[in-house]
Amino acid sequence: MANVATWTQPPSVVLDFAEKNFDPAAVERALYAWWEASGFFAPSLFRAPPEGEDARAPFVMMLPLPNVSGDLHLGHALGFGGYEDLMARWHRMRGEPTLWLPGSDHAGIIAQLVVEKELAKKGASRQGLSREEFLAEMWRWMDHYQPRIYEQLRRLGCSLDWTRLHFTMDPDMQRRVRIHFIRLFRSGHVYRADRIVHWCLTCQTTYSDLEAAHVERTDPLYRVRYPWAEPMPGGTPDLVVATTRPETIVADVAIAVHPADERWAALVGKEVLVPVAERRVPIIADDAVDPSFGTGALKVTPGHDQTDFEIGQRHGLPVITVIDRQGNMTPAAGVLAGPGRNAARAEMADRLRRSGLLLKEEPLVHSVGVHERCGTIDEPLVMKQWWMRMPPLAAPAIAAVRDGRIRIVPGKFEKVYFNWMENIRDWTISRQIWWGHSIPVWYCRDCDEVVVPDEDGPDPVRCTRCRSDDLVHDPDVLDTWFSSALWPHSTLGWPERTPDLDRFYPGSVLETGYDILFFWVARMIMMGLLNMGEVPFHTVYLHGLVRVGGEKMSKSRGNVTAPMEMVEEYGADALRFALVSGVSAGADQRFSEGRLQNARYFANKLWNVGRFVLRALTAADGGSLAVRADVRPSGELGDAERWILSRTEATVAEASRLLEAYLFGEYTALIQQFVWSELADVYLELAKPALRVPSHAAPALRTLAYVLDRVLRLAHPIMPFITETLALQLWRQAPPAAEVSSLVIAPWPAAGERDAALEDHFSLVVDVVRAIRHARQQAGVAPSVRVHAALAGDAKQLRSSAGAIAALTNTEIGFGEGEGAATVVRTVEVRVAVPRDQDQEHARLGRDLFEARSALARSRDLVARPGFAENAPSDVVARERARFEEREERVRLLEAELARGD
RNA sequence: GGGCUCGUAGUUCAGCGGUUAGAACGCGCGGUUCACAUCCGCGAAGUCGCUGGUUCGAUUCCAGCCGAGCCCACCA
């Protein structure tokens, strides 16, 4: 049951609490190495489930494969070190066997381009190498970058199970991709067809619709007259079309008009002559034409335009290809044949001009498709490619989200998902590059048969139809996303039914940026449903983009965006905290050095809270008191102790709630707020007096140890290194009753009992403290000077807290009448014996009274409003009534106070 | 053309049918308190984009408008 792996001792070089400031560099590497060596990141059951409960279901996440094309960027740091590791660590602490599976992606064209660029630096080129030589070059490069990326993941603290590391191009993965393709082929989900595709002249490959981007450009728009093929009756209008690509005129096969366009209705079926080509082509009617553009007549060029290709399909028109893969004009272009489509464009414009058919030339602002990888303008071409038939795969994937088997967080992305999936088009999966999964298809040179091997069969050597041995392997490779779509099941052993696949599929959460919802998430859902019959995860959490701007990240280096430099300078904990803090799901964020600095300050605050507690334990010889960090103190406790304990339990409950609701930004804010404003600013100050008296120190010591222990557990998912550093030292002095060797596998706390009345009472104490401090500052009394303060009005409730108020304000507290500056806190009169400025005080009390009266008026209106008492929930009514009474009392006190001053 | 989102303090952003609308940074003032100057204390600062509607009650829900942005799509 329990994992008794190879727990080694914690590293000896953990930072000692004698250090005033937390030094991440001193602990991070050693702690990570220890965690990893101890097997904490394996999906083991680290402790028996609680009495009467079954073992928890595993928590499974896949690392969104970073491309092996460079270093990690801030977006990776946010996803991996922020949300994902946070979830993994939290679930692990909750006792769920947690598998977070690492890997990387071969990144097809992106990686190939990078390596080609590297080659170019050395004066070499892909074309100068054989395919084998080039691939060897790719692998060399992989061998260099992969370990680098894995090291960076460790630096971020990611609790990945490195024993299950995968790479999309591992021979094993190649086999699974091959089987997947063969099955898709046999089931008809993939097919080979001549269709129009996006072609990149630079990269010399096709690409999918998703990889097409659009940019706005201004190009000349040519208006060209196409002469009628037959003499037409008088009054027949000229047929004029507008085009930005006159060089494709020679590939025109028709003119299309909108069916409802009355200008052209009578001429549908007539023919015109294509200029220069002198070919007769018909006028056809098709819905795709926008009658408001130009004359409403569209030249139809199925060989070089997406829309035209579809019109051609509908009307059975031929395809003429006049541009080749290099961008040169083919012999089919007739007189335009020859190198360079741009030269052909000029040539064509010239010829049209000379023949008087070019009526007009004007600039047009329009958007043109480009290859998003390199920015080259799309050259749509008709080519034989492999396609995946998407609508049948999309249907069950839509249903899975629709019926809640998968939930997307934040919910707005469900709409985006539906919008895309419901309009999905077939996916071109073949690419004309070398780096990638080869397509397991051979073609017979003798009879054109397509030969596909058996799933685990050898490469075919003979044609299955004509027995020829003249077979040629498809030279193309598969789109990168074809293999990553299988990731959640292929890494667990599919198609074999392995123990891992049984245990860890379906997984739990898929966390990634919203920008790859379609590229990856949607496709994983479709492939998971197809191959496994079950969704790959129940929740998709999408984060926004990290933008760096506005503020300078570093004076010396310009804008630092490399997360590793930030880890170096600020520590992984600070970077993780800064990235997650105050950001909501799916929202883009602006990252700044200020955020990072604040996170480091918070880490340091936590460090010093830890130091304070550890020193106190040492000084008091915690050993002899047998303090147990995980045991909530009971028995004789002061108000302050009972208050911070109650607040601690409240924080435990709230942190759990926020994490369950995927509200990570609020979770970090909660932790920071509690540690800084409540634990450090209030309770630590209150504990100091007690700690000075050894005989009275025990309750405070037990409380401090317990609260620190809770805080470290709560903060561990987002700040693993500093919390572990402190926990190891805390537990040495106050060993937990439930023995545990590391915070990584320590139980997530369950919220204990709260005392709501005491919490409320203490918030009054804090308000009174602030009022006294304010009075002292106003009067210019030095903090070291002890003064008197008197509490009156509704002050009885504060008797038990007089000591706390005194300690926090350096003031003697008395009850009843007093002298000095006066103020009213809620319903308590506060007089601080300091010199006062009568006029100033009078003015302030006047302002307070004005505010109190308007607040009272608001309360009165609300409580008396018709329908309020009947319609509002009873607890709201009760609260508003209480608030009304309190405000009445406050107004009365302020009036009395003012009257006294007069 | 279709879909989505955002507009809250000087800045970056949380929040939300009933709170005195919050945080961090920044700003002003004061502090050598033995955990922390990567600190402590006090303070100033918001008509929650505009206009209507729903509601006992709207910063929060709905509609329109103004402003900013994102995604999808076959604008010649």
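So that the names make sense, note that chain A is the first sequence line, chain B the second, and so on, each numbered from 1. For clarity, every value in this text was computed on a predicted model and none was experimentally measured.
Exactly one of Asn608(A), Leu704(A), Leu701(A) qualifies for a side chain to side chain contact (heavy atoms under 4.5 Å, CB included) with Val613(A). That residue is Leu704(A). For the pairing with Phe22(A), the ring pair (Phe, Tyr, Trp, His ring centres under 6.0 Å) check across Phe602(A), Tyr570(A), Phe17(A), Trp607(A) returns one residue only, Trp607(A).
In this structure, Arg879(A) reaches the sugar-phosphate backbone alone: every heavy-atom distance under 4.0 Å involves primed, P, OP1 or OP2 atoms, never a base. Residue Ala242(A) is classed as a base contact, given a heavy-atom separation below 4.0 Å to a base. In this structure, Arg887(A) reaches the sugar-phosphate backbone alone: every heavy-atom distance under 4.0 Å involves primed, P, OP1 or OP2 atoms, never a base. As judged by a 4.0 angstrom heavy-atom cut-off over every strand, Asp290(A) is placed among the base-contacting residues.
Residues passing the side-chain contact (heavy atoms from CB on, under 4.5 Å) test with Lys360(A) are Arg223(A), Glu362(A), sequence neighbours excluded. By the side-chain contact (heavy atoms from CB on, under 4.5 Å) test, Val711(A) pairs with Leu606(A), Phe674(A), Val675(A), Leu679(A), Val707(A), sequence neighbours left out.
The distance between atom CH2 of Trp607(A) and atom C1' of rC39(B), rounded to the nearest whole Å, is 17 Å. As a whole-Å value, the separation of Arg847(A) CZ from rU20(B) C1' is 16 Å. For the pair Leu808(A) CG and rC42(B) P, the interatomic distance rounds to 10 Å; values are reported in whole Å. The CZ atom of Arg600(A) sits 13 Å away from the P atom of rC25(B) (whole-angstrom rounding). What separates CZ of Phe309(A) from C1' of rA76(B) is a distance of 18 Å, to the nearest Å. The separation between Glu678(A) atom CD and rA23(B) atom P is 13 Å, rounded to whole Å. Atom CZ of Arg853(A) is separated from atom C1' of rU20(B) by 18 Å (rounded to the nearest Å). Atom pair Asp219(A):CG and rA76(B):P shows a separation of 9 Å (rounding to whole Å applied).
Evaluation of atom-type donor-acceptor distances gives no pair under 3.5 Å for the side chain of Glu880(A) against the base of rG18(B).
Between the side chains of Gln313(A) and Arg195(A), no donor-acceptor pair is found at a separation under 3.5 Å. Using modelled atom types, one finds a donor on one side chain and an acceptor on the other under 3.5 Å when comparing His366(A) with Asp219(A). Glu211(A) and Ser208(A) are linked by a side-chain donor-acceptor pair at a separation below 3.5 angstrom, with hydrogens and angles left out of the test. Glu310(A) and Gln306(A) are linked by a side-chain donor-acceptor pair at a separation below 3.5 angstrom, with hydrogens and angles left out of the test. Side-chain atoms of Gln733(A) and Thr618(A) include a donor-acceptor pair closer than 3.5 Å. Judged by distance alone, the side chains of Arg547(A) and Ser592(A) never bring a donor and an acceptor atom under 3.5 Å apart. Residues His198(A) and Asp209(A) have side chains that bring a donor and an acceptor to within less than 3.5 angstrom of each other.
Evaluation of the side-chain hydrogen bond (donor to acceptor under 3.5 Å, both in side chains) test over residues 869-880 of chain A, restricted to residues two or more places apart or in two chains, returns Glu880(A)-Arg883(A). Residue pairs meeting the salt bridge (charged side-chain N to carboxylate O under 4.0 Å, His left out) criterion with at least one member in residues 572-584 of chain A, sequence neighbours excluded: Asp85(A)-Arg576(A). Legend: salt bridge (charged side-chain N to carboxylate O under 4.0 Å, His left out) pairs involving residues 664-684 of chain A, not counting sequence neighbours, sorted by first then second residue: Arg647(A)-Glu678(A).
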Q | Contact letters for nucleotides 55-60 of chain B, in which S counts primed atoms plus P, OP1 and OP2 and B counts the base, heavy atoms under 4.0 Å | A | -BS---

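Of the side-chain N and O atoms in Lys415(A), one or more sit less than 4.0 angstrom from OP1 or OP2 of rU5(B). Close to rG41(B), at under 4.0 Å from its OP1 or OP2, lies no side-chain N or O of His774(A). Phosphate proximity of rG41(B) to Arg776(A): absent, as no side-chain N or O sits under 4.0 Å from OP1 or OP2. OP1 or OP2 of rG18(B) has not a single side-chain nitrogen or oxygen of Arg883(A) nearer than 4.0 Å.
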Q. Glu361(A) and Arg345(A): salt bridge (Lys or Arg N to Asp or Glu O under 4.0 Å), yes or no, with the steps?
A. CA-CA 13 Å; Glu361(A) 202 176 320; Arg345(A) 179 174 301 183; over 6 Å; no

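Comparing Trp420(A) and Phe22(A) along RNA chain B, the residue whose closest nucleotide (by nearest heavy atom) sits nearer the 5' end is Phe22(A).
Of all nucleotides listed (rA76(B), rG2(B), rA24(B)), rG2(B) comes nearest to the side chain of Asn419(A). Nearest nucleotide to the Phe293(A) side chain, out of rU38(B), rA76(B), rC42(B): rA76(B). Relative to the side chain of Lys412(A), the nucleotides rC4(B), rC42(B), rA24(B) differ in distance, and rC4(B) lies closest.
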Please set out all donor-acceptor pairs under 3.5 angstrom arising from side-chain atoms of residues 682-694 of chain A, sequence neighbours excluded.
{"from": "Tyr683(A)", "atom 1": "OH", "to": "Glu641(A)", "atom 2": "OE2", "distance (Å)": "2.5"}
{"from": "Glu685(A)", "atom 1": "OE1", "to": "Lys688(A)", "atom 2": "NZ", "distance (Å)": "3.3"}
{"from": "Glu685(A)", "atom 1": "OE2", "to": "Lys688(A)", "atom 2": "NZ", "distance (Å)": "3.2"}

Expected list for residues 414-421 of chain A: side-chain donor-acceptor pairs under 3.5 angstrom, two or more places apart:
{"from": "Glu414(A)", "atom 1": "OE2", "to": "Ile408(A)", "atom 2": "N", "distance (Å)": "3.0"}
{"from": "Tyr417(A)", "atom 1": "OH", "to": "Ala397(A)", "atom 2": "O", "distance (Å)": "2.8"}

Every protein N/O lying under 3.5 Å from an N/O of nucleotides 7-10 of chain B:
none

What does the list of N/O pairs under 3.5 Å between the protein and nucleotides 32-37 of chain B look like, with a distance for each?
{"from": "rA35(B)", "atom 1": "O2'", "to": "Asn608(A)", "atom 2": "OD1", "distance (Å)": "2.3"}
{"from": "rA35(B)", "atom 1": "O2'", "to": "Arg611(A)", "atom 2": "NH1", "distance (Å)": "2.8"}
{"from": "rA35(B)", "atom 1": "N7", "to": "Lys688(A)", "atom 2": "NZ", "distance (Å)": "3.3"}
{"from": "rA35(B)", "atom 1": "N6", "to": "Ala680(A)", "atom 2": "O", "distance (Å)": "3.4"}
{"from": "rA35(B)", "atom 1": "N6", "to": "Glu685(A)", "atom 2": "OE2", "distance (Å)": "3.0"}
{"from": "rA35(B)", "atom 1": "N3", "to": "Asn608(A)", "atom 2": "O", "distance (Å)": "3.4"}
{"from": "rC36(B)", "atom 1": "O4'", "to": "Asn608(A)", "atom 2": "OD1", "distance (Å)": "2.7"}
{"from": "rC36(B)", "atom 1": "O4'", "to": "Asn608(A)", "atom 2": "ND2", "distance (Å)": "3.2"}
{"from": "rC36(B)", "atom 1": "O2'", "to": "Asn604(A)", "atom 2": "ND2", "distance (Å)": "3.4"}
{"from": "rC36(B)", "atom 1": "O2", "to": "Lys605(A)", "atom 2": "NZ", "distance (Å)": "3.0"}
{"from": "rC36(B)", "atom 1": "N3", "to": "Lys605(A)", "atom 2": "NZ", "distance (Å)": "2.9"}
{"from": "rA37(B)", "atom 1": "OP1", "to": "Lys20(A)", "atom 2": "NZ", "distance (Å)": "2.9"}

Identify each atom pair where a protein N or O and an N or O of nucleotides 12-14 of chain B are less than 3.5 Å apart, giving names and distance.
{"from": "rC13(B)", "atom 1": "O2'", "to": "Gly582(A)", "atom 2": "O", "distance (Å)": "2.7"}
{"from": "rA14(B)", "atom 1": "OP1", "to": "Ser584(A)", "atom 2": "OG", "distance (Å)": "3.1"}

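The gap from the P atom of rA45(B) to that of rG1(B) amounts to 47 Å, rounded to the nearest Å.
Using a 4.0 Å cut-off between charged side-chain N and carboxylate O, Arg847(A) and Glu841(A) make no salt bridge.
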Q.
Dot-bracket for RNA chain B, please. Rules: Watson-Crick or G-U, both distances under 3.5 Å, ( ) within the strand, [ ] when a pair crosses earlier ones, | for another strand, . otherwise.
A. (((((((..((((....[...)))).(((((.......))))).....(((((..]....))))))))))))....

